[in-house]
A.B. asks: 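Here it is, the structure in full.
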Amino acid sequence: MVKDSVDLARRAFNTGLSKVLQYRVQHLRALLQLITERQADIIAALQLDLHKSEFDTSLFELIGLENEIKLALRELSDWMRPEPVRKNLLTLMDDVYIKSEPLGVVLIIGAWNYPWALTLGPLIGAIAAGNAAIVKPSELSKNSASLLKELLPQYLDKEMYQVVTGGIPETQELLKQRFDHIFYTGSSTVGKLVMEAAAQHLTPVTLELGGKSPCYIDQNCDIAVACRRITWGKFANCGQTCIAPDYILCHPSIQNSVIEEIRQTLLEFYKEDPKTSPDYGRIINQNHFDRVLALMEGCSVAVGGDSDKSQCYIAPTVLKDVSPHARIMQEEIFGPVLPIVAVSDISEAIQFINEREKPLALYVFSSDKKVIKRMLNQTTSGGVVVNDVIMHYTVNSLPFGGVGKSGMGRYHGKHSFDQLSHKRACLVKSLAMESLNKPRYPPLTASRLRQARFFLLSRCCSCKHLLCIWAITASVLALGLLIALLVNLFKVDHQFT
Ligand code: NAD
């Protein structure tokens, strides 16, 4: 069954249809139509899956997709254009360029926390780059998964782009098949299994993983503004966002103000009882509910802390004076719990971050340029944002992806197109000017090697250079011609005098 789908997608890809610009444009438009016309259904599915509000569905899932599609529609013909590159003297007269080609059949495995953005986002890249694709949405967001399976064939080529639903067995079956690229979003644990399976076929992978994204609040900063932004990014989607700030690092002297500002902001955002707020989400299922509550054990609750298993509800919670050795600091929280860990200064914060896995995102709040510069220069992460959280995700000229344990590869905007394309090296020569090739042919002599060295080490010619050389040559020739003409004129003049 799974194998049949992959075979069908491969046959569709082999027709060559998906390579055609018009076909890609037509399917990108169709995808835009899907998310526009069926927005109400998508909102209803996400309401059931995650208690996601209409507003959050637009803000966190659909606007980003719309933006990605419109960008691809505007720029695709440019992205597809062969890219001329610099030449050496031996290839001066040849066409040398990079051609972006589709990879083939791409497997897209999505996670449940943003079931539309994390499946259709990579699919936009796959279509733009001219690939066929199999989309495997997460079984945990089951309403979104079945809606996607129902809708996609209504809008896109049923053979070229398919949805396979199901749980772990179906994903494992998919992973046995041969793909040309696997684009996986989810946990690092499953990421390793995906990479292991991909290795059997030497299939390249993009792994969009997670981890603990730190957030440093400097003493020298507007704490009210910082906490407002952090509260928004942490508690949106009930904390189930891969780039949500996972924990706060700050000096003990500002911990109480941070707690107070977050408390006030939570009141403003979700009122007295977040459980009744239409804007506050739910944990995806009871397993994750138990997991998040277990992480909090032994910690001191400063804000929130209530929960209701029957509704998978955990209140927005802040934990204070958390030890770096606490259980909650050992794994990604992926829930609405925000621990605060005390550090004495920026140096200790940097050391704390660098002693752990490279994060997907890193946040620093400060008004001090030196602090910001140190944080940027002395740490690493997939992305970094100064004085805000999450917003780098919305800039589709920025590559989105992790580093180290938080993932490999990148996407969004043109980065998705590049990630899912093969960059083919093209050198197109004519059969003329064979004498230029002499230095590389046997019998090799010292003088031929010298010539070869000269030609091969020269790196002169981009298009601009070539134009310059032509312009200079043409000018020299023109000047020569002019001089010859003048000389002749002078001679003729002389003969008559
Ligand atoms: P999940 O449980 O939905 O798993 C993701 C996918 O992997 C699903 O399609 C599922 O079917 C498949 N899967 C699960 N177990 C498997 C197994 N044993 N073998 C084969 N396939 C399997 O999602 P999750 O892993 O709970 O996602 C949460 C994680 O994803 C967090 O760590 C989060 O940070 C990360 N995440 C990262 C990004 C990003 O863009 N970097 C985005 C969202 C989530």
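Starting from 1, each residue takes its place in the sequence as its number. Counting starts at 1 for both ligands and their atoms, in listed order.
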A.B. asks: Which protein non-hydrogen atom lies closest to atom 21 (N) of ligand 1, naming both residue and atom, and how far is it?
C.D. replies: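 Going atom by atom, the protein heavy atom closest to atom 21 (N) of ligand 1 ends up being Thr171 CG2, 3.2 Å.
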A.B. asks: So is Val190 polar-close to ligand 1, meaning N/O to N/O under 3.5 Å?
C.D. replies: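 No, since none of the N or O atoms of Val190 sits under 3.5 Å from an N or O of ligand 1.
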A.B. asks: Flag Asn113 as yes when one of its N or O atoms lies below 3.5 Å from any N or O atom of ligand 1, and as no otherwise.
C.D. replies: no
A.B. asks: Is a donor from one side chain sitting under 3.5 angstrom from an acceptor on the other, for Tyr114 and Ser141?
C.D. replies: no
A.B. asks: When you measure from atom 10 (C) of ligand 1 to every protein heavy atom, which one gives the shortest distance, and what is it?
C.D. replies: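 So the nearest neighbour among protein heavy atoms is Glu139 OE1, 3.4 Å.
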A.B. asks: When you look for heavy atoms under 4.0 Å from ligand 1, do you find them on the side chain of Ile243, its backbone, both, or neither?
C.D. replies: neither
A.B. asks: Could you tell me whether Glu170 approaches ligand 1 through its side chain, its backbone, both or neither, with non-hydrogen atoms closer than 4.0 Å?
C.D. replies: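 For Glu170, no heavy atom sits under 4.0 Å from ligand 1.
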A.B. asks: A quick test of your reading: do over 12 heavy atoms of other residues, nucleotides or ligands sit less than 6.0 Å from NZ of Lys3?
C.D. replies: no
A.B. asks: With a cutoff of 4.0 Å, is Gly402 in contact with ligand 1, counting heavy atoms of the residue only?
C.D. replies: no
A.B. asks: How far is atom 3 (O) of ligand 1 from its nearest protein heavy atom, and which residue and atom is that?
C.D. replies: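 I find the closest protein heavy atom is Ser138 OG, 2.6 Å.
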A.B. asks: Considering the heavy atoms of Leu360, write down every atom of ligand 1 situated less than 4.0 Å from one of them.
C.D. replies: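 By the 4.0 Å cutoff, the relevant atoms are 41 (N).
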A.B. asks: Give the residue and atom name of whichever protein heavy atom lies nearest to atom 25 (O) of ligand 1, and the separation in Å to one decimal.
C.D. replies: Ser187 N, 2.9 Å
A.B. asks: Check the pair Asp7, Arg11 against salt bridge (charged side-chain N to carboxylate O under 4.0 Å, His left out), reporting the backbone distance first and the verdict last.
C.D. replies: CA-CA 6 Å; Asp7 289 346; Arg11 278 202 297 279; 5.3 Å; no
A.B. asks: Considering only heavy atoms of Ile109, which atoms of ligand 1 have at least one such atom less than 4.0 Å away?
C.D. replies: 6 (C), 7 (O), 9 (O)
A.B. asks: Using 30° and 60° as the class limits, which term best fits the ring planes of Tyr270 and Tyr280: parallel, tilted or perpendicular?
C.D. replies: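 Rings of Tyr270 and Tyr280: perpendicular, as their planes differ by over 60°.
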A.B. asks: With heavy atoms only and a cut-off of under 4.0 Å, state how Leu118 meets ligand 1: side chain, backbone, both or neither.
C.D. replies: side chain
A.B. asks: Strictly by modelled atom types, are Asn354 and Gln378 linked by a side-chain donor-acceptor pair under 3.5 Å?
C.D. replies: no
A.B. asks: Using a 3.5 Å cut-off on N or O atoms only, is Gly110 in polar contact with ligand 1?
C.D. replies: yes
A.B. asks: Out of Trp112, Phe334, Tyr114, Tyr184, who is nearest to atom 24 (P) of ligand 1 when you count heavy atoms only?
C.D. replies: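 Result: the heavy atom closest to atom 24 (P) of ligand 1 is in Trp112.
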A.B. asks: Suppose I only count heavy atoms of Gly210 and a 4.0 Å limit; which atoms of ligand 1 are within that range?
C.D. replies: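 Those qualifying, in numeric order: 32 (O), 34 (O).
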A.B. asks: Side chains of Glu348 and Ser344: is there a donor and an acceptor less than 3.5 Å apart?
C.D. replies: yes
A.B. asks: Going by atom types alone, do Asp49 and Ser144 pair a side-chain donor with an acceptor below 3.5 Å?
C.D. replies: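 Side chains of Asp49 and Ser144: pair found under 3.5 Å.
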A.B. asks: Write out the residue and atom name of the closest protein heavy atom to atom 35 (C) of ligand 1, then the distance separating them to 0.1 Å.
C.D. replies: Gly186 O, 3.3 Å
A.B. asks: Indicate yes or no: does an N/O atom of His288 lie under 3.5 Å from an N/O atom of ligand 1?
C.D. replies: no
A.B. asks: Hydrogens and angles aside, do Arg38 and Gln154 bring a side-chain donor and acceptor to less than 3.5 Å of each other?
C.D. replies: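 Short answer, yes.
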A.B. asks: For Lys142, enumerate each residue passing the salt bridge (Lys or Arg N to Asp or Glu O under 4.0 Å) test, keeping only those at least two apart in sequence or located in another chain.
C.D. replies: none
A.B. asks: What I want to know is whether Thr185 and ligand 1 share at least one N or O pair that is separated by under 3.5 angstrom.
C.D. replies: no
A.B. asks: Using heavy-atom distances, let me know which of Cys242, Gly401, Ala244 sits nearest atom 39 (C) of ligand 1.
C.D. replies: Cys242
A.B. asks: Is it the case that over 12 heavy atoms from other parts of the model lie below 6.0 angstrom from the CZ atom of Arg178?
C.D. replies: no
A.B. asks: State, without any angle test, whether Glu208 and Tyr411 hold a side-chain donor-acceptor pair at a distance under 3.5 Å.
C.D. replies: no
A.B. asks: Could you check atom 31 (C) of ligand 1 against the protein and tell me its nearest heavy-atom contact, residue, atom and distance included?
C.D. replies: Glu332 OE1, 3.4 Å
A.B. asks: Going by side chain to side chain contact (heavy atoms under 4.5 Å, CB included), name the residues that satisfy it together with Asp273, two or more places apart in sequence or in a different chain.
C.D. replies: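 Scan of Asp273 (side chain to side chain contact (heavy atoms under 4.5 Å, CB included), adjacent residues dropped) gives Lys275, Thr276, Tyr313.
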A.B. asks: What residue and heavy atom of the protein are closest to atom 17 (C) of ligand 1, and at what distance?
C.D. replies: Ile168 CG2, 3.6 Å
A.B. asks: Please determine if Leu209 has a nitrogen or oxygen closer than 3.5 Å to a nitrogen or oxygen of ligand 1.
C.D. replies: yes
A.B. asks: Please walk me through it: do Glu196 and Lys192 pass salt bridge (charged side-chain N to carboxylate O under 4.0 Å, His left out)?
C.D. replies: CA-CA 6 Å; Glu196 211 176 300; Lys192 287 181 195 166; over 6 Å; no
A.B. asks: Which of the numbered atoms in ligand 1 are under 4.0 angstrom from any heavy atom belonging to Glu208?
C.D. replies: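 Atoms satisfying the 4.0 Å criterion: 37 (C), 38 (C), 39 (C), 40 (O), 41 (N).
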A.B. asks: Measure the distance from atom 40 (O) of ligand 1 to every protein heavy atom, then report the residue, atom name and distance (to 0.1 Å) of the closest one.
C.D. replies: Phe400 CE2, 3.4 Å
A.B. asks: Evaluate the ring planes of Phe400 and His392, with Trp represented by its six-membered ring, and classify them as parallel (under 30°), tilted (30 to 60°) or perpendicular (over 60°).
C.D. replies: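 Aromatic pair Phe400/His392 classed tilted.
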